[in-house]
Amino acid sequence: MSMIEFKNVEKYFGNFHALKNINLTFEKGEVVVVIGPSGSGKSTLLRTINGLEMITSGNLLINDQDIRSKQTKLTEIRKNIGMVFQHFNLYPNKTVLENITLAPTKVLNKSEKDAADTAESLLDRVGMLDKKDSYPSTLSGGQQQRVAIARGLAMQPEMLLFDEPTSALDPEMIGDVLDVMKKIAHEGMSMIVVTHEMNFAREVADRVIFMADGEVLEDSHDVESFFKK
Ligand code: ADP
Ligand code: ADP
């Protein structure tokens, strides 16, 4: 069983055809990079996976559960598949530590102590432990994004989705965020990453998907050859 399976998926926004006959599977442990011009449907593809956008037709199965079935609980899917956004989306009125412990205590019913211990070790991994008591607005974009990644990992998801995680960052911040993503990838996390960072794709991806105009034009496991073309 594939972790994620798109079968003949279409997505319309009104009359606008954003995803065209998508047939893709994603497996546990894969690091997949999705590239393509702006407006080609990359973000929409990601957002359908955790139910931020609903597909118009076709089937989308997450661990064999149809995303449109009444029995499917989106909260369960989002527990299992985390998302890192371009604009970080941290809670502004919570400290860095609280941003990370919130969901594990509320959704996973972890104790405060347990959640805080996990949060501290994750903050250490992303190089942000010294900022645990700071508020997001006092951090740089790159620092906020590393906190957002730690927050995603705190839910112990099966997969993390990244929607242009470095596109809103000043150039000097990008390297730190990509380094954290590389580390997570090497630790075996399943990831789908929408990005314009071709060096990251070349170095880290097991597979590259190229989209244009709502269609998947290429889906290659031979990442090296893909970039030689
Ligand atoms: P990409 O991530 O490749 O830049 P998107 O998936 O964000 O592309 O968008 C694909 C197309 O769908 C764009 O033309 C965008 O304007 C349109 N689109 C995305 N979300 C919506 C929406 N909620 N309503 C209407 N159009 C949308
Ligand atoms: P981000 O940059 O944080 O990934 P976007 O700016 O791509 O987010 O999109 C933010 C929101 O606006 C999304 O919910 C997306 O679906 C919606 N959106 C994108 N394009 C359009 C559009 N052409 N019309 C209406 N909504 C849109």
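Numbering of ligands and ligand atoms starts at 1, following listing order.
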task: Taking only heavy atoms of T44 into account, list the atoms of ligand 1 that are under 4.0 Å away from them.
output: 5 (P), 6 (O), 9 (O)
- line: Residues at least two apart in sequence or cross-chain that pass salt bridge (Lys or Arg N to Asp or Glu O under 4.0 Å) with K132, listed by chain then number, are E120
- prompt: Which of the atoms of ligand 1 are close to S40, meaning less than 4.0 Å from one of its heavy atoms?
  reply: 1 (P), 3 (O), 8 (O)
Non-neighbouring partners of E187 that pass salt bridge (Lys or Arg N to Asp or Glu O under 4.0 Å), sequence neighbours left out: R125
- request: Taking only heavy atoms of P37 into account, list the atoms of ligand 1 that are under 4.0 Å away from them.
  value: 3 (O)
field: Closest heavy-atom pair and its distance - T105, A115
entry: CG2-CB, 3.7 Å
query: Hey, is ligand 1 close enough to E164 that some N/O pair sits below 3.5 Å?
result: no
- request: Check whether any N or O atom of G39, backbone or side chain, sits under 3.5 Å from an N or O atom of ligand 1, and answer yes or no.
  value: yes
message: Going by the closest heavy atom to atom 8 (O) of ligand 1, which one wins out of S38, A212, G41?
response: G41
query: Knowing that exactly one of R202, E197, E203 qualifies, which makes a side-chain hydrogen bond (donor to acceptor under 3.5 Å, both in side chains) with N199?
result: R202
query: Are T95 and D133 close enough that a side-chain donor and a side-chain acceptor fall under 3.5 Å?
result: no
